[in-house]
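This is a predicted model, so every value here is computed, not measured. Heads up: numbering here begins at 1 and tracks the sequence.
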Amino acid sequence: MEPSVAHRVEQVLERVSAQAGTRVSILDLLEKVEAAIGYVPLESIPRLAQSLGVSEAQVAGVLSYYPDLHTQPTGRHVVRVCLGEACLANHGNRVLQAMCKHLQADVGETTSDGRCTVETVYCVGNCGVSPSVVIDEDLYGRVTPDRLPALLERYK
Ligand code: FES
């Protein structure tokens with residue numbers, strides 16, 4: 001882990017330990033690291049596990065379970081195309097193909113300019129107006145390939 005990244009992880013741990021009397025869950029801590037650094041470095045797992053008094057496997061398990069947590073740096077924006085059942089039935093796969101083509105990045109990749117990371121998600125509770133796309137914290141429904149350029153224009 002780069003020294004600067006390790007330092008930022010330590011800063012998060014210091015802030016958490018300064019909150020006297022507060023017991024932090026694995027997920028809480030991972031979310032704090034993600035918020036501070038933009039991702040959770042795999043190399044930080046032993047240190048995080050030690051600070052929580054849990055096993056590295058427990059930390060790794062939570063980290064791999066939640067799609068909002070990343071183990072690599074992401075782009076400035078994270079674009080998630082839903083491939084849940086309702087979205088697939090309404091051509092969510094076409095939206096994903098168009099998204100990848102428009103951004104010139106495959107699923108799991110970040111655009112060369114660092115603008116967007118493309119991910120998939122499996123139901124975001126927006127089935128009634130599927131297919132759905134989530135960009136950062138913003139949820140969009142009835143997304144079509146034609147709408148993508150205008151939608152993405154908002155995220156520079
Ligand atoms: S399946 Fe996509 S929002 Fe539910």
Side-chain angles (χ1 to χ4, degrees), residues 1-84 87 92 95-96 99-100 102-127 129-141 143 147-156:
M1 182 162 46
E2 278 181 41
S4 62
V5 175
H7 179 66
R8 291 166 76 188
V9 169
E10 289 303 323
Q11 286 179 321
V12 172
L13 292 173
E14 281 171 24
R15 276 201 303 274
V16 168
S17 69
Q19 296 168 342
T22 306
R23 185 160 163 72
V24 178
S25 71
I26 297 172
L27 180 58
D28 282 343
L29 183 57
L30 293 176
E31 285 177 336
K32 288 180 192 318
V33 173
E34 172 97 17
I37 302 175
Y39 69 108
V40 181
L42 289 173
E43 301 87 347
S44 71
I45 289 176
R47 178 69 181 105
L48 298 176
Q50 179 204 23
S51 76
L52 290 166
V54 300
S55 72
E56 293 178 27
Q58 286 173 290
V59 175
V62 173
L63 181 56
S64 65
Y65 184 77
Y66 289 93
D68 285 349
L69 298 171
H70 301 89
T71 57
Q72 299 286 328
T74 61
R76 294 188 297 281
H77 305 287
V78 177
V79 175
R80 295 188 174 99
V81 179
C82 183
L83 294 182
C87 288
V95 173
L96 177 61
M99 184 72 81
C100 290
H102 183 81
L103 292 174
Q104 297 186 317
D106 284 330
V107 174
E109 292 183 351
T110 298
T111 55
S112 57
D113 60 0
R115 178 179 164 216
C116 293
T117 298
V118 181
E119 297 182 346
T120 55
V121 68
Y122 297 91
C123 195
V124 290
N126 199 40
C127 309
V129 289
S130 60
S132 303
V133 168
V134 182
I135 305 178
D136 298 334
E137 304 299 320
D138 305 328
L139 175 62
Y140 298 95
V143 177
R147 279 186 63 199
L148 292 180
L151 208 60
L152 290 165
E153 190 62 29
R154 304 174 197 173
Y155 301 89
K156 294 291 186 181

I'd like to know if the side chain of E34 and the backbone of H70 have a donor-acceptor N/O pair within less than 3.5 Å. yes
Main-chain N/O of T74 paired with T110 side-chain donor or acceptor, under 3.5 Å: no
Inter-residue atom distance [X].[atom1] - [Y].[atom2], 0.5 Å rounding:
X: E109; Y: L103; atom1: CD; atom2: CG; result: 11.0 Å
X: M99; Y: E119; atom1: CE; atom2: CD; result: 11.5 Å
X: E10; Y: S17; atom1: CD; atom2: OG; result: 9.5 Å
X: L63; Y: L42; atom1: CG; atom2: CG; result: 6.5 Å
X: C82; Y: Y122; atom1: SG; atom2: OH; result: 9.0 Å

Kindly determine whether R154 and D136 satisfy salt bridge (charged side-chain N to carboxylate O under 4.0 Å, His left out), including the steps that lead there. CA-CA 11 Å; R154 304 174 197 173; D136 298 334; over 6 Å; no
Which is it for D68 and R80 under the side chain to side chain contact (heavy atoms under 4.5 Å, CB included) test, yes or no, and what are the steps along the way? CA-CA 10 Å; D68 285 349; R80 295 188 174 99; 3.3 Å; yes
Kindly give the heavy-atom pair with the smallest separation between [X] and [Y], and that separation in Å.
X: G75; Y: T117; answer: N-OG1, 2.6 Å
X: P131; Y: C87; answer: CA-SG, 3.6 Å
X: V9; Y: S44; answer: CG2-CB, 4.1 Å
X: V24; Y: L29; answer: CG1-N, 3.5 Å
X: L69; Y: V62; answer: CD1-O, 4.1 Å
X: I45; Y: E56; answer: CG2-O, 3.6 Å

Side chain to side chain, [X] and [Y], heavy atoms closer than 4.5 Å:
X: L152; Y: V79; result: yes
X: Y155; Y: D138; result: yes
X: V54; Y: L48; result: no
X: V118; Y: L96; result: yes
X: Q50; Y: P46; result: no
X: P149; Y: H102; result: yes
X: E31; Y: Y66; result: no
X: T71; Y: S64; result: no

Going by atom types alone, do R8 and Q11 pair a side-chain donor with an acceptor below 3.5 Å? no
Consider side-chain contact (heavy atoms from CB on, under 4.5 Å). Of T120, V107, V95, which one does L83 pass it with? T120
